[in-house]
Amino acid sequence: MVFGLHAVEALLNKAPERVKELWLMKGREDERLQQIADLAAQFGVKAQIAARKVLDDKAASGQHQGVVARCVAEPIKGEHELDALLDEVETPFLLVLDGVTDPHNLGACLRSADAAGVHGVIVPKDRSAGLGGIVRKVAVGAAESIPLFQVTNLARTLRHLQERNVWIVGAAGEATHDLYQSKLSGPLAIAMGAEGKGLRRLTREVCDELISIPMAGAVSSLNVSVATGICLFEAVRQRQG
């Protein structure tokens, strides 16, 4: 189930053939929902009107904004598809999320990655939130536009990236220099750890370089999605220079 205005609209624009059923909330007759109904109709999907409780149950959430779609799951991308991406892109810009299990954080990270022009996001299969409805809603359409690669062994994948001349930069509080002192302009993967725990030891050890975000206040760490945005957009600044 995919829900939320931006998520459903992005799905209809990107892969309308995946949408099998669409429900709109009874009593909510605004222009935004009508646009989605009209878009779906172009692809032969007729919107059904349903009570809020029905939509709440289908989405397993009350945060659906009056629209829920049942769709065919997208095939999971893995190491093989990641290699294909590296073959296509001259200067890859990747985001690695190590152990981000909160769907709101993963959705927010995908949104930042999409805005920063990241080519793909890499997560471990066993230590990450999946592309569920909450992730897609929080990502406001980014989950439909940015590839997510789920890999079995993250450290091995990072070593493979290094063999493909991708520089791995990991964010860690114990780093000896900050991201503003780091060169982030070439083929790059930025690795971020879970909030509180940070990068796992094996992931940290594989990184070519560790960086930190300078903190001036009393707070010792940032939410992972905020930290991800800061690191990605410093790389964007350098890559545009």
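Just the heavy atoms: all of them, side chains too, but no hydrogens, waters or symmetry mates, feed the values below. Predicted model only: the values in this text are computed from it and were never measured.
- What you find for L199 and G193 is that their closest heavy atoms are CD2-N, 3.5 Å.
- Applying side chain to side chain contact (heavy atoms under 4.5 Å, CB included) to L55 and the options Q65, M25, M1 leaves one that passes, M25.
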Report the C-alpha separation of E9 and L39 in whole Å, then their side-chain angles, then the decisive distance to 0.1 Å, and conclude whether the side-chain contact (heavy atoms from CB on, under 4.5 Å) test is met.
-> CA-CA 8 Å; E9 184 176 43; L39 182 60; 4.2 Å; yes

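- At a threshold of 4.5 Å between non-hydrogen side-chain atoms, the residues V96 and L158 count as touching.
- Residues L210 and H177 form no side-chain contact, since every pair of their non-hydrogen atoms from C-beta on lies 4.5 Å or further apart.
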Would you check, one step at a time, whether the test side-chain contact (heavy atoms from CB on, under 4.5 Å) holds for F43 with E17?
-> CA-CA 8 Å; F43 301 109; E17 71 284 353; over 6 Å; no

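- Residues P187 and L161 fail the side-chain proximity criterion, which asks for heavy atoms closer than 4.5 Å.
- Ion pairing of K58 with E21 is absent here, as no side-chain N (NZ or NE/NH1/NH2) approaches a carboxylate O to less than 4.0 Å.
- For the pair D98 and R204, the salt-bridge criterion is not met [side-chain N within less than 4.0 Å of a carboxylate O].
- From Q35, atom CD reaches atom CG of L12 across 12.0 Å, with rounding to the nearest 0.5 Å.
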Take L110 and L148 through the test side-chain contact (heavy atoms from CB on, under 4.5 Å) and record every step on the way to the result.
-> CA-CA 9 Å; L110 287 174; L148 182 78; 4.2 Å; yes

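- Across all their heavy atoms, K183 and G186 have their closest contact at NZ-N, 4.4 Å.
- Taking hydrophobic clusters as Ile, Leu, Val, Met, Phe, Trp and Tyr residues chained together by side-chain heavy-atom distances below 4.5 Å, L106 does not share a cluster with I134.
- Taking the side chain as every heavy atom from C-beta outward, R156 and E79 approach each other to under 4.5 Å.
- Other residues, nucleotides and ligands contribute at most 12 non-hydrogen atoms within 6.0 Å of the CD atom of Q63.
- Using a 4.5 Å heavy-atom cutoff, the side chains of H160 and D83 are in contact.
- Between L94 atom CG and H119 atom NE2 the span is 8.0 Å, to the nearest 0.5 Å.
- Both I168 and L154 are part of a single hydrophobic cluster, where members link through side-chain heavy atoms under 4.5 Å apart.
- Taking the ring centre of F93 as origin, the terminal cationic atom of R239 falls inside the region bounded by 6.0 Å and 45° from the ring axis.
- Using a 4.5 Å heavy-atom threshold, the side chains of L97 and V121 count as touching.
- Between the CG atom of N13 and the CD1 atom of I36 there is a distance of 9.5 Å, given to the nearest 0.5 Å.
- The hydrophobic clustering, which links ILVMFWY residues whose side-chain heavy atoms are closer than 4.5 Å, places F3 and L5 apart.
- E163 and R159 are not joined by a salt bridge, as no carboxylate oxygen comes within less than 4.0 angstrom of a charged side-chain nitrogen.
- Rounding to the nearest 0.5 Å gives a distance of 10.5 Å between SG of C109 and CD1 of I146.
- Counting only distance, with no hydrogens or angles, the side chain of Q238 and the backbone of A235 share no donor-acceptor pair below 3.5 Å.
- For the atom pair S212 OG and D178 CG, the distance stands at 5.5 Å (nearest 0.5 Å).
- Between A175 and I211 the shortest heavy-atom distance is CB-C, 3.4 Å.
- Residues satisfying the side-chain contact (heavy atoms from CB on, under 4.5 Å) criterion with I49, sequence neighbours excluded, are L24, K26.
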Take M192 and V100 through the side-chain contact (heavy atoms from CB on, under 4.5 Å) test and state the conclusion after the steps.
-> CA-CA 9 Å; M192 308 295 299; V100 176; 5.9 Å; no

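- Smallest separation of non-hydrogen atoms from E144 and L11: OE1-CD1, 3.6 Å.
- Nearest approach of A116 to L232, heavy atoms of both residues: CB-CB, 4.0 Å.
- Looking at heavy atoms from C-beta onward, R32 lies out of side-chain contact with V67 at the 4.5 angstrom threshold.
- Follow the hydrophobic side-chain contacts under 4.5 Å out from L22 and you never reach V68; the two are in separate clusters.
- Taking 4.5 Å as the limit, every side-chain heavy atom of K77 sits out of range of all side-chain heavy atoms of L85.
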After noting the C-alpha distance and the side-chain angles of Q34 and D38, does the key distance pass the side chain to side chain donor-acceptor pair (under 3.5 Å) rule?
-> CA-CA 6 Å; Q34 190 55 52; D38 293 344; 2.8 Å; yes

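- No path of Ile, Leu, Val, Met, Phe, Trp and Tyr side chains, each step under 4.5 Å between heavy atoms, connects L95 with L82, placing them in separate hydrophobic clusters.
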So S182 and E209, side chain to side chain donor-acceptor pair (under 3.5 Å) or not? Walk me through it.
-> CA-CA 9 Å; S182 181; E209 179 185 7; 2.8 Å; yes

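- Nearest heavy-atom pair, S128 versus V123, reported as atom, atom and distance to 0.1 Å: OG-CB, 3.5 Å.
- Atom CD1 of residue I190 and atom CG of residue L184 lie 5.5 Å apart, to the nearest 0.5 angstrom.
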